[in-house]
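Read the numbers this way: they start at 1 and go in the same order the structure lists the ligands and their atoms.
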Amino acid sequence: MKNLAIFGSTGSIGESTLAVVRQNQKILKVYALAANQNDKRLLAQCLEFKPAIAALVCPQAAARLEKSLKAANSNTQVVCGTDNLTLLAKSDGYCTLVAAIVGAAGLPSTFAAAQAGKKILLANKEALVMSGRLFIDTVKQNGAKLLPVDSEHNAIFQSLPAEYQNDYLNLDIRDFGIHSIILTGSGGPFLNQPLSSLASKTPEQACKHPNWSMGQKISVDSASMMNKGLELIEACWLFGVDTDFIEVLIHPQSVIHSMVRYIDGSVLSQMGAPDMKIPIAHCLGFSDRIASAADHYNFIDGCDFTFKRPDYQRFPNLKLAKQAFKAGQEATTVLSAVNEVHVGAFLQGRLKFTQIAEQNERILNSYSPSSVFSIDSLIHIDQHARSIAEGALS
Ligand code: NAD
Ligand code: MG
């Protein structure tokens, strides 16, 4: 039996995780569920999955949840606030964390789980982008395990040799006959729209991804390809390589989820329907295979596969992410932080779609690299960058 803590349980990844748990109740048990403020959704999840603990950041929502659980004679205990979420991440009651909080808010709990030697199924890419080497070293030093849920990284992982998979954070990918990694991306909803139309795109249009159903922030990041930029950085940290080792390729159908080129010319890939239940089930079952309840991809009735190179004029955020990784940790922390602020402002109608990348670039260019040593200093850099971004908006 694997005991799980699902952080971000009310979101898109959280719900997909619970759908996989529903299929595998003999081997997967939910110990804790955590979210920001959606007490209604969390209540329904608690009544179905009966976790020992439910956590909400918002105190009012936590009080409502507690009252409703009591009325339903539930034994689930409610905790509240970000500090308690971080404490919960360190608790002995569970072994596997599904890190599915969106954005920088996920870093403290994910980092705490690494310090506590947990198995971390990582969806929250921003946490890794913000803390890079420190996070990977913390995982290694505390005997924690890290498995990538993000579909591309999961596909890369699945396409690598088993011997490498078993201890990948301590091994050099180049020792396994690997030539390079091909990171695929759909190009999002604006791939074929006239460049001149991008400035007037609405949040609704940006969130309407052609293949995936996801939370708002990652949907906007997919439309601007900042998502691919964050994923490029994520892949560099996970697989211990530089950006030059990774080719970003647009594959609008999202069936090939990424690929690995070997030195003999072979290319291995993982494919499947664009459904996050597949990589989630892979991680939850690893190294066994378990059912995911996702559709099996039908090649006969499916689409033709096409590919193209990303265009930096259309997707300046992708170039920025590459530059930030080369510049160092502070730059990637700042880029992730200000992008989160700018995406939020776009969703609120305070910025145009194209201004997300313009503002990201402006603030990134005003930063000079420094050495970063601790999680607290990274969180400080994140917050300082956010205040600069917020200041420029008002
Ligand atoms: P979402 O917006 O649907 O859900 C976010 C979850 O985080 C919710 O449960 C919310 O309550 C919780 N949350 C938000 N702010 C919080 C805070 N301050 N403290 C605690 N909890 C908080 O997002 P999502 O699409 O599920 O994405 C979650 C993460 O997974 C993101 O980092 C995203 O990049 C990554 N990811 C998502 C997908 C996908 O298909 N949705 C794919 C790959 C990676
Ligand atoms: Mg992805």
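Checking each of L28, V21, I6 against F49 for a side chain to side chain contact (heavy atoms under 4.5 Å, CB included) leaves exactly one that passes, namely V21.
If you check each of A105, C58, A100 against atom 18 (N) of ligand 1, the one with the closest non-hydrogen atom is A105. Nearest-residue assignment for atom 24 (P) of ligand 1 (options P279, S12, S219, A99; heavy-atom criterion): S12. The residue from I280, D150, V129 that puts a heavy atom closest to atom 44 (C) of ligand 1 is D150.
Residue contacts with ligand 1: N36 is placed with a nitrogen or oxygen under 3.5 Å of a nitrogen or oxygen of the ligand (distance criterion only). For ligand 1, the polar-atom distance check against A35 finds no nitrogen or oxygen pair separated by under 3.5 Å. Looking at ligand 1, you'll find an N or O of G215 within less than 3.5 Å of one of its N or O atoms. The distance criterion of under 3.5 Å between nitrogen or oxygen atoms is met by T10 with respect to ligand 1. At under 3.5 Å, not a single nitrogen or oxygen of S151, backbone or side chain, sits near a nitrogen or oxygen of ligand 1.
Using a 3.5 Å distance cut-off with no hydrogens or angles, the side chains of S222 and S219 do not pair a donor with an acceptor. With 3.5 Å as the limit, one finds a donor-acceptor pair spanning the side chains of E234 and H153. Side-chain contact of N211 with S254: a donor-acceptor pair under 3.5 Å is present, judged by distance alone. A donor-acceptor pair shorter than 3.5 Å can be found between the side chains of E126 and N124. Checking S374 against D376 by side-chain atom types alone, no donor-acceptor pair falls below 3.5 Å. Using modelled atom types, one finds no donor on one side chain facing an acceptor on the other under 3.5 Å when comparing H257 with N154. The closest side-chain donor-acceptor pair between T243 and K326 falls under 3.5 angstrom. Side-chain contact annotation: S224 with N317, donor-acceptor N/O pair under 3.5 Å present. Side chains of T332 and Q329: a donor on one and an acceptor on the other come within 3.5 Å. With hydrogens and angles left out, the side-chain atoms of K2 and Y31 include no donor and acceptor closer than 3.5 Å. H251 and Q253 are linked by a side-chain donor-acceptor pair at a separation below 3.5 angstrom, with hydrogens and angles left out of the test.
Of the protein's heavy atoms, I13 CD1, 3.4 Å lies nearest to atom 38 (C) of ligand 1. Ranking the protein heavy atoms by distance from atom 29 (C) of ligand 1 puts I101 O, 3.7 Å first. For atom 34 (O) of ligand 1, the nearest protein heavy atom (residue, atom name, distance) is K125 CE, 3.1 Å. In this structure, atom 5 (C) of ligand 1 lies nearest to the protein heavy atom V102 CG1, 3.7 Å. E126 OE1, 2.7 Å is the protein heavy atom nearest to atom 32 (O) of ligand 1.
Within E231, OE2 is the N, O or S atom that lies nearest to the Mg ion (ligand 2). The atom of E152 nearest to the Mg ion (ligand 2) is OE1, with the search restricted to N, O or S atoms. Take the N/O/S atoms of D150: the one nearest the Mg ion (ligand 2) is OD1.
Within ligand 1, counting atoms from 1 as listed, the ones closer than 4.0 Å to a heavy atom of G11 are 1 (P), 3 (O), 4 (O), 8 (C), 9 (O), 26 (O). Every atom of ligand 1 is numbered from 1 in the order shown, and the set under 4.0 Å from a heavy atom of A123 is 30 (O), 32 (O), 35 (C), 36 (N), 44 (C).
Geometric assessment of K201 against the ring of F190 yields a positive cation-pi assignment under the 6.0 Å and 45° thresholds. A cation-pi arrangement is present between K118 and Y94, with the terminal nitrogen or guanidinium carbon under 6.0 Å from the aromatic centre and inside a 45° cone about the axis.
Heavy atoms of V57 found under 4.0 angstrom from ligand 1 belong exclusively to the side chain. Looking at I218 against ligand 1, only its side chain comes within 4.0 Å, counting heavy atoms. The part of M276 lying near ligand 1 is the side chain, judged by heavy-atom distances below 4.0 Å.
In this structure, S9 counts as a contact residue of ligand 1, since one of its heavy atoms falls inside 4.0 Å of the ligand. Proximity of N38 to ligand 1 is not established, as no heavy-atom distance is less than 4.0 Å.
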